[in-house]
Structures are given as C-alpha cells and as structure tokens.
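Heads up, the thing below is written out as structure tokens.
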Amino acid sequence: MWSTVARARGDGVADHAAFTVIDGRRFRIMLRTATPGDSAVEELTELARARREEGRTVVVEDPFRVLDLGALGMSAGLLPVMAREPGPVPAPDGVERVTTPAGLAGAEDLVVHAFPLEEYQPYRPGTVFPPELLGRATAFFRKDTRGACLTMAHGGVGGVGGAYWVTTRPEHRSQGIGRALMHAVLRHFDDVPVTLTASRAGRPLYEKLGFVTLGDAAWWR
C-alpha cells in the first residue's frame, strides 16, 4: 500500500534486500521479513540514524518485532495486526464508493483532518491521495462528509484485501460510521480475507466484525 501511494505522489521508493524505503514527507522503512540478517539490520539502522541526524521524521515498521532501535533514541509503539476470513456482512448504510477526482478530494480532506495527518499541514488537495490512485488496485469509500477509508487488493487472485485510514470525524464518532465503512470494505472483498492494522481505539469494533488479532507490529519512531 505505502509503495503504491508513494509512487502516485511522486515520492521515492527503494527496495532493499529485506526492507522497503519510502522517502516522502516522512522517511519510512518497512521490514519485509522476519529473518533480515545482520547486514540488512545494520543497513536499515544506519539509514534511520542518518535521516534522523538530518532532522527528518523517521518511522520504521517492524511487523515481526525483530528490531531494536532504542540506541537511536527511537521507541516502539505496538499496534495489533488483524484479519477476517470471508463471511456474510450486512449492507453498508449510506456508504458510496468514490469514483471521481472530486469525490476522492472529499475523502482525502476527511482523512487529512480527522485522522489527522500532521505532516500534510497546511493541507493542499491532491498531495495525500492523488487522482491517479483511482486507476490502480484501490477502492475508496465515503459516508457523506462524516467518514472515509481506503482499501487495496494485494496478491492477485487468491490474495487478500487491506483496509487503511478508516476515519470518522471526531464529532461523529460512536455513531456507526466506522462500522458502515467496514461493511462496505468487507462486501467489496467478499471472497478473500481482509487485513488491517488497528488502533487501540478501533480494535473493539473490528473484533465485533469478526477480526482476530494475528500479533502486534512494532512501529518505531
């Protein structure tokens, strides 16, 4: 997902032996294997150190929890990685799939201001979700002006669906907006498993929808 969105934005994407680097508003490193090897860990650590010394905001995603970047002054927050097998889902209430650049701009505005995405302030339309994303393996869903999310298919036939940036404006939370959005996501991926990384606040909703926790990913900052 990060690579697809980054390329649409024009950010740098570099694949290394065991990890991927996204050079955008933040410098993001994503570990892709539970057995990266000493040389890859050293390379990753030096990249993170160098960018931090330049004053960059660095985020390292370690879903396998095999890294220790404490010596760089970074600390790890744990976020649950969850998955749900295909199954019956109620009809989404008032959720529409975004199909136009104007609709995408509305969804982007919701995510930027309600999530929020501090690195994109002051906000300029089209910088987070460029219109080019509508032509890729993505689907955006929106519930009027109250909530939005991004989904993406991974792995082709027999793959999985991913849900990202499931967002509700603060004044409309606890009103079923997130549930309606997720019903749309699960119906969109009606024949494959769906995965997501949950916030602690969002986890109870996902559990009620049938998601189970596979483990906690470490996000080093």
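Numbers here simply count residues along the sequence, with the first being 1. The analysis underlying the following values was restricted to heavy atoms, covering all of them including side chains, and did not include hydrogens, waters or symmetry mates.
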Tell me every residue that passes ring-ring contact (aromatic ring centres under 6.0 Å, His included) with H188, counting only those two or more places apart in sequence or in another chain. F141
The single option from T168, L110, T167 passing side-chain contact (heavy atoms from CB on, under 4.5 Å) against F115: T167
Less than 6.0 angstrom from the centroid, inside 45 degrees of the normal: does R56 satisfy that with respect to the ring of F27? no
Do the non-hydrogen side-chain atoms of R179 and H183 ever get within less than 4.5 Å of each other? yes
Acceptor/donor pairs from residues 145-166 side chains to any protein atom, 3.5 angstrom cut, sequence neighbours excluded:
residue	atom	partner	partner atom	Å
R146	NE	D144	OD1	2.9
R146	NE	D144	OD2	3.4
R146	NH2	D144	OD2	2.9
T151	OG1	A139	O	3.0
H154	NE2	Y164	OH	2.7

Using side-chain contact (heavy atoms from CB on, under 4.5 Å) as the criterion, list what pairs up with P204, not counting sequence neighbours. none
Do T138 and F129 touch side chain to side chain, with heavy atoms closer than 4.5 Å? no
Under 3.5 Å, which donor-acceptor pairs link side chains of residues 72-92 to any protein atom two or more places apart or in another chain?
residue	atom	partner	partner atom	Å
R84	NE	L209	O	2.6
R84	NH2	P88	O	3.2

Under the side-chain contact (heavy atoms from CB on, under 4.5 Å) test, residues paired with E171 that sit two or more places apart: R169
In Å, rounded to the nearest 0.5 Å, how long is the span from CD of E108 to OG1 of T127? 5.5 Å
Can you name the residues that form a ring-ring contact (aromatic ring centres under 6.0 Å, His included) with H113, not counting sequence neighbours? Y123
Checking M30 against F19 for the side chain to side chain contact (heavy atoms under 4.5 Å, CB included) test, could you report, in this order, the C-alpha distance in whole Å, the side-chain angles of both residues, the deciding distance, and whether it holds? CA-CA 5 Å; M30 298 167 294; F19 57 91; 5.9 Å; no
Got L196 and M182 here, is their nearest side-chain heavy-atom distance under 4.5 Å? yes
If you take all heavy atoms of V60 and L44, which pair is closest and at what distance? CG1-CD2, 4.2 Å
Flag the pair W220 / L31 as yes when at least one side-chain heavy-atom distance between them is below 4.5 Å, and no otherwise. no
Does R200 CZ have over 12 foreign heavy atoms under 6.0 Å away? yes
State which residues pass side-chain contact (heavy atoms from CB on, under 4.5 Å) with E53; sequence neighbours excluded, sorted by chain then number. R49
Euclidean distance, I22 CD1 relative to W2 CH2, rounded to 0.5 Å: 9.0 Å
Salt bridge (Lys or Arg N to Asp or Glu O under 4.0 Å) partners of R221, counting only residues at least two apart: none
Which atoms form the tightest heavy-atom contact between F189 and V194, and what is the distance? CB-CG2, 3.6 Å
Who pairs with E207 by salt bridge (Lys or Arg N to Asp or Glu O under 4.0 Å), at least two apart in sequence or on another chain? R203
Sub-4.5 Å side-chain heavy-atom contact between P36 and V66: yes
Heavy atoms, side chains only, cut-off 4.5 Å: are R26 and E118 in contact? yes
Please list, chain by chain and in numerical order, all residues satisfying salt bridge (Lys or Arg N to Asp or Glu O under 4.0 Å) with R65, sequence neighbours excluded. none
Scan residues 7-18 for pairs that pass side-chain hydrogen bond (donor to acceptor under 3.5 Å, both in side chains), counting only residues two or more places apart or in two chains. R9-Y120, D15-T20, H16-E43
Report the residues that fulfil side-chain contact (heavy atoms from CB on, under 4.5 Å) with D93, sequence neighbours left out, ordered by chain and then residue number. K143
